[in-house]
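Report on the structure given below.
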Amino acid sequence: MHAEIVRLSLHHVDIKIVNEERMHVLQWRRNLLWDEVLLDGKRQAASHGLWGRENVYGLVFGRDLDGSGGEQVMFLIDPGVGYTSWSSGEQRVKGVRLEGRDGPLVSYGTLDPKSLEKPATFSDWMKKSMGMNWGTDISRPH
């Protein structure tokens, strides 16, 4: 199973999932009073309320008609506001993760396992925390 984030915004997340020869689209939508998770356009889960909505969803791909078998995945979302660029003001959810039995299929932001790694140097810390990078651009004149 392979997954890829297709669209990522503050109220929409679309993930393409390829399972053997079939392709699926997993969608998360945030509305004013509810969140919903859709798989191939069909609602799989919903969470209602102003605050404290569900952030973890379990899904099964390829289940038999009697409800057994299939590939289980876990979809996690951190719906907080994350800015991709302070200058443009573009907003996205803070984190997304789709995990299968063998580990993460796709992850982004606060739910990416790499985001938990501590930076080894001050330069790495600046890149991670502020998006700054200096001293590695060889095309810059001295």
Side-chain angles (χ1 to χ4, degrees), residues 1-140:
M1 186 179 287
H2 171 74
E4 178 182 331
I5 296 175
V6 178
R7 177 168 66 164
L8 188 65
S9 70
L10 190 57
H11 300 285
H12 302 88
V13 175
D14 295 335
I15 300 174
K16 176 179 82 170
I17 302 168
V18 178
N19 187 10
E20 297 174 5
E21 68 270 353
R22 298 201 59 197
M23 184 182 84
H24 303 279
V25 178
L26 178 66
Q27 300 170 297
W28 174 83
R29 299 291 182 257
R30 170 148 279 192
N31 298 296
L32 181 62
L33 298 174
W34 73 94
D35 295 346
E36 61 184 345
V37 176
L38 302 119
L39 181 62
D40 297 331
K42 297 176 185 168
R43 183 187 279 188
Q44 302 296 311
S47 179
H48 301 275
L50 291 175
W51 296 278
R53 298 182 203 171
E54 187 63 49
N55 295 332
V56 179
Y57 302 94
L59 303 167
V60 179
F61 292 95
R63 187 173 19 196
D64 295 337
L65 292 175
D66 62 355
S68 62
E71 184 81 23
Q72 299 172 344
V73 296
M74 182 172 58
F75 177 63
L76 298 98
I77 188 151
D78 181 356
V81 178
Y83 291 92
T84 58
S85 170
W86 290 101
S87 60
S88 69
E90 184 180 351
Q91 298 176 344
R92 294 182 173 177
V93 294
K94 279 187 175 180
V96 173
R97 184 175 180 144
L98 183 67
E99 187 161 336
R101 186 170 298 167
D102 299 328
L105 298 171
V106 67
S107 59
Y108 165 80
T110 58
L111 298 176
D112 188 353
K114 294 177 189 171
S115 71
L116 301 175
E117 296 174 1
K118 295 192 179 206
T121 64
F122 179 74
S123 176
D124 291 341
W125 177 80
M126 289 296 287
K127 282 192 276 186
K128 182 177 179 180
S129 63
M130 296 183 199
M132 295 179 166
N133 190 8
W134 68 78
T136 58
D137 187 12
I138 58 173
S139 65
R140 188 179 69 199

Residues 16-27, side-chain donor-acceptor partners within the protein, below 3.5 Å, at least two apart:
| residue | atom | partner | partner atom | Å |
| --- | --- | --- | --- | --- |
| His24 | ND1 | Asp40 | OD2 | 2.8 |

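Smallest separation of non-hydrogen atoms from Pro104 and Glu99: N-CG, 3.8 Å. Contact record, Ile5 with Leu8: CG2-CB, 4.1 Å, taken as the closest heavy-atom pair. Between Ala3 and Ile15, the shortest heavy-atom contact is CB-CG2, 4.0 Å. The two residues Gln44 and Leu39 have their closest heavy-atom pair at CG-CB, 3.6 Å.
The side-chain heavy atoms of Val56 and Phe75, taken from C-beta on, include no pair separated by under 4.5 Å. You'll find the side chain of Asp14 reaches within 4.5 Å of the side chain of Arg29, heavy atoms only. Using a 4.5 Å cut-off on side-chain heavy atoms (C-beta onward), Arg53 and Pro79 make no contact. In this structure, Leu105 and Met1 have side chains that are in contact, with non-hydrogen atoms separated by less than 4.5 Å. The closest side-chain heavy-atom distance from Trp28 to Leu38 is not below 4.5 Å. No side-chain heavy atom of Leu10 sits less than 4.5 Å from a side-chain heavy atom of Arg92.
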Kindly determine whether Leu111 and Val96 satisfy side chain to side chain contact (heavy atoms under 4.5 Å, CB included), including the steps that lead there. CA-CA 6 Å; Leu111 298 176; Val96 173; 5.6 Å; no
Apply the test side chain to side chain contact (heavy atoms under 4.5 Å, CB included) to residues Leu76 and Tyr57: give CA-CA distance (whole Å), side-chain angles for both, the deciding distance (0.1 Å), then the verdict. CA-CA 6 Å; Leu76 298 98; Tyr57 302 94; over 6 Å; no
Determine, step by step, whether Ile77 and Val13 satisfy the side chain to side chain contact (heavy atoms under 4.5 Å, CB included) criterion, reporting the C-alpha distance in whole Å, the side-chain angles of both residues, the deciding distance to 0.1 Å, and the verdict. CA-CA 9 Å; Ile77 188 151; Val13 175; 3.9 Å; yes
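Side-chain atoms of Asp78 and Thr110 form a donor-acceptor pair, as typed in the model, at a separation below 3.5 Å.
Between the side chain of Ser47 and the backbone N or O of Glu54 there is at least one donor-acceptor pair closer than 3.5 Å. Without hydrogens or angle criteria, Asp66 side chain to Ser68 main chain gives a donor-acceptor distance under 3.5 Å.
Under the salt bridge (Lys or Arg N to Asp or Glu O under 4.0 Å) criterion, Glu71 pairs with no residue, sequence neighbours left out.
Distance check: Lys94 NZ to Asp112 CG gives 15.0 Å after rounding to the nearest 0.5 Å.
Between Arg43 and Glu36, at least one side-chain nitrogen of the basic residue sits less than 4.0 Å from a carboxylate oxygen of the acidic one, meeting the salt-bridge criterion.
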